[in-house]
Amino acid sequence: MKYLSEFRDGAAARALAREIRETATQRWPIMEVCGGQTHSIIRNGIDQLLPDAIELIHGPGCPVCVTPLELIDRALAIAARPGVIFCSFGDMLRVPGSAKDLFRVKSEGGDVRVVYSPLDAVALARRHPDREVVFFGIGFETTAPANAMAVHLAKREGLRNFSMLVSHVLVPPAIAAIMSAPRNRVRAFLAAGHVCCVMGFWQYPPLAARHGAPIVVTGFEPLDILEGIRRAVRQLEAGQATVENAYERAVTFDGNRPAQALLEEVFETTDRAWRGIGVIPQSGWRLREAYRDFDAEVRFDVGGIAADESPLCHAGEVLQGNLKPNECPAFGNACTPRTPLGATMVSSEGACAAYHNYGRLHQLQRA
Amino acid sequence: MCLGVPGKVVEIFPESGTRMGIVDFAGIRKQVCLAYLPDIEVGDYTIVHVGFAITRIDEASAQETLRTFRELGLLEEEFGEEARTPEACPSPAAWREPAP
């Protein structure tokens, strides 16, 4: 495989990797929270460029992966109803529910549509006043402003036939949960750059201080990620635990305040179950009371649907960084992108899919 | 899913009371909600996620990132068929800087 770093930023990448190698005097496990960064790391071979002292632990920053099974089952139940137009980001369609996925519902006659933006779903609701248009509102803080705006506009325009199935999750409570877990090995975090475009990084200094872990706001390109790692290692070696911004061209300390204002108006924090991990207190957003009429779980009365995971799937261990994807017994045989057992094998941000797509079929031999 | 694509604002207009615009992503033009960047102007660069401009970015960084996206086929992943249409989007060779 030809990696990007080989044909463009090769020299700069190797220089950063060399500096990381010379700085690291002991083993440092560092978590990249965002699944987009996981894919960049595996696709570009960044983990193979790094010295053995640096172990990258892939975090739970894949919204499709952490959306609970029962919520997928609720989505499937709503999507199968006559009169419903069920809209979703494309990633979600092949995520397995208990018995089927959204593709299957579509092939069985359900009106399931992939949209690029939640505003596309609002436009569908305008065009089809006789249909119930439901948007599957998943995502981290990056996507939340888009979903908040969709609900806000629907309310403002009185679009009574629009609703949202909300499964929003938040990065800071996940970092806190990971650091507090008994088996945790993570010593530093690369914070997700686009989450921080929206939220800034004012939430992170107390986390870094409380858990003694450096947090570096990091972009998505190979050099961004290497720079994030370099700064994290430098702090770890110096015994520091502060927040640094290595994605200054896009992220400010405050973040996008107009977006945060609408998020505050539309959403409130709530306990949220993460698929494979369990409930993390105050780790999600749900619609506030004033917007509850637009909550698809209320409108379609699907709150009672519960579900059990496949016993073969270890996605939860992967999402918490306790297991590398290719260490799972089902990886590459019982579980492939064509026959996924868990969402991490489906999503374009899932760690299992990254390992499978970029040829990490065998466990890496590391010193 | 948190993929953000940089692009240049080429048009700004209100739509049902919301600040909208057209953003050019290396030749692919999409309608984008600009409500969260009330000060952004035509000619400025921004990072767009699921149809929303979420932050500003300078032109050089935007061009650099777009080049990477093109090399990795990420524009196709994000925008689908549109990114593969020759009229909508010149081939990578046409918009890469000429070799020195």
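Letters go in sequence order (proteins before strands), and every chain restarts at 1.
- With a 4.5 Å cut-off on non-hydrogen atoms, B:Pro38 touches chain A through its side chain but not through its backbone.
- Between B:Thr55 atom OG1 and A:His194 atom NE2 the span is 8.5 Å, to the nearest 0.5 Å.
- Residues A:Leu119 and B:Gln31 form no side-chain contact, since every pair of their non-hydrogen atoms from C-beta on lies 4.5 Å or further apart.
- Counting heavy-atom pairs under 4.5 Å between each of A:Cys34, A:Ala250, A:Gly255, A:Gly193 and chain B puts A:Ala250 at the top.
- Heavy atoms of B:Thr46 lying under 4.5 Å from chain A are absent altogether.
- Heavy-atom distances place no part of A:Glu141 under 4.5 Å from chain B, backbone and side chain included.
- In terms of heavy-atom proximity, A:Met149 sits nearest to B:Cys33 at CE-SG, 4.4 Å.
- Looking only at heavy-atom pairs under 4.5 Å with chain A, the residue among B:Ile57, B:Ile47, B:Ile54 that has the most is B:Ile54.
- Side-chain atoms of B:Leu37 and A:Asn256, non-hydrogen and from C-beta on, do get closer than 4.5 Å to each other.
- Of all the heavy atoms in B:Val48 and A:Tyr116, the pair that sits closest is CG1-OH, 3.7 Å.
- Residue A:Ala146 comes nearest to B:Tyr36 through the heavy atom pair N-CE1, 4.5 Å, listed as atom of the first residue, atom of the second, then distance.
- To the nearest 0.5 angstrom, A:Leu153 atom CG is 9.5 Å from B:Glu15 atom CD.
- Listed here is the closest heavy atom pair of B:Phe52 and A:Ser117: CE1-OG, 3.8 Å.
- Between chain A and the options B:Asp58, B:Thr65, B:Val32, the largest number of non-hydrogen pairs under 4.5 Å is found for B:Thr65.
- At least one side-chain heavy atom of B:Thr18 sits under 4.5 Å from a side-chain heavy atom of A:Arg156.
- B:Ser61 contributes atom OG, which lies 9.0 Å from atom CD of A:Glu221 (distance to the nearest 0.5 angstrom).
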